[in-house]
Every structure is written in structure tokens, then in C-alpha cells.
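Indexing begins at 1, ligand by ligand and atom by atom, following the structure's order. Note that this is a predicted model, so its numbers are computed, not measured.
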Amino acid sequence: MSAGLPLLSENANGKVSSASHKLKIVVAGAHPDDPESGCGGTIALYSNLGHEVAVLYLTRGEAGIPGKSAPEAAAIRTAECQKACSFLKARPIFAGQIDGNTEVNRSRYEDFRKLLQGERPEIVFTHWPIDTHRDHRVISLLVYDAWIESGRKFDLYYFEVDQGEQTQHFHPNHYVDITQAESRKRAACLAHASQQPETSFYPLHERMHRFRGMECGRELAEGFVRHCQNVETSVPEG
Ligand SMILES: [Zn+2]
């Protein structure tokens, strides 16, 4: 078990990453607000150190605003993504699937792999696959497949969202201290005003920050599962 930024570990090329090496990171979530709530503190820390973070949204949250049509909701939530990413100094990307109607099939795997490879990421974060929301499971599978097909060229980490309500059976093996970055994460999450984050998901994530912080001996933390076949692992091989 370790605490610290993934970027302090060795990367896929066996080099120890540091602020002098500009990393390319993709954080892939199903809906607007998922990357921010699962990983926003870590994104803020990376971007503050000068690394390049792209936030990849599988959908534009078309089904997420009661009373609004899909195009109306997509427009509102796309603007919220852009605002959230500006707080995190990240670049939004949209993968073009539809909220509540996402698909996993041969052509979706292929299209997603090409999109992700085009970003040439060194580290990718995505949803943990055991999750009550179908769209979360879909993006997790798309990323995992792209990771395998790329020859495990990037390091793969899983994040959690709405622990217990959405993400389940999640036991972190890596932690990032977000005590200094929580205010930026909060601002990014609250940018998703159409979702009423102050009363819906953010209070739960505040509890998660404290709990994950307790686990790793820090005040506030985000927990991750680092894939054990990442090349960068700093654990000595037996
Ligand atoms: Zn979601």
C-alpha cells in the first residue's frame, strides 16, 4: 500500500517521472461530473505541476436533467464540463456516446481505442467496473480493452464515485493526498450546477475524502486501485 502521486512512480518506460517530465494523463468518466468527483483532487495536483490532463467524457449527460430534452441537457452539461475543466486546468474531450444508452461492442471498442491512442496517454484513470450504473461499467470496459489492445502502454488506475451507492467492492491500493487540492476539486464539482452537487454527490465524496485520508494517514485523500500489471509499479518483484 502506498500514498503519494502516481507520477512519482516509474512510468512505462522505466523512467522515474518528475515535474521535469511532462506527463500526459487521461481521466475517463461516463458522465459530466464523474471524472471530477472520482479524481478531481489528483487532476488538480497533476495540472498544477505542469502535467497535461485531458478529461474524457463518454457522454454529455443527455439524460441528466429532468424536463430538458437530450440536446438541451447536453448543451448545459457540456458548458458545465468546460467550466469544471477550467478550474482543474484540464482539457475536455467528448467520446460521443449517449447518456443512459451507452454501448460495448466490437466497433465501440475499436473507436474508443483509436480515440484514446490518439491522446498518447502515459496514465489513464477510469471507473472501477463493479458499479451500479451501466454507463460507468461501459467506460471501464472500453478503457480496459484499449489498455490490453495497446500492449499495456499506459498505466491504468481505477477511481471510485459515490462509494456504496455506485462504486462497490472497491479496495484502494494507492492513495493521493488531496488536502491541498480539495478546494479546486470542490469548485470543479460544484461547476456541475444542474446536478445540485452541494446536496447530491459532493457531501458523500467529502466523507470519502476523510475516510480514505484516515486509511493512508493523511487528512483528505482519493483512493485508487492501481492495476497490478502496470509496468510502472515500484513494488519489488519477487
Ligand atoms: Zn456517472
Any salt bridge linking E122 with K153? Criterion: basic side-chain nitrogen under 4.0 Å from a carboxylate oxygen.
no
Atom CG of L56 and atom CG of L116: how far apart are they, to the nearest 0.5 Å?
7.0 Å
Basic-acidic side-chain contact under 4.0 Å: E110, R113:
yes
Can we say E219 and R210 salt-bridge, meaning some charged N sits less than 4.0 Å from an Asp/Glu carboxylate O?
no
Shell check on the Zn ion (ligand 1): protein N, O or S atoms less than 2.8 Å away are H31 ND1, D34 OD1, D34 OD2, H136 NE2
Check for me whether R186 meets the cation-pi criterion with Y202, that is, NZ or CZ under 6.0 Å from the six-membered ring centre and within 45 degrees of the ring axis.
no
Besides I98, the hydrophobic cluster formed by Ile, Leu, Val, Met, Phe, Trp and Tyr side chains linked at under 4.5 Å, directly or via other members, contains none
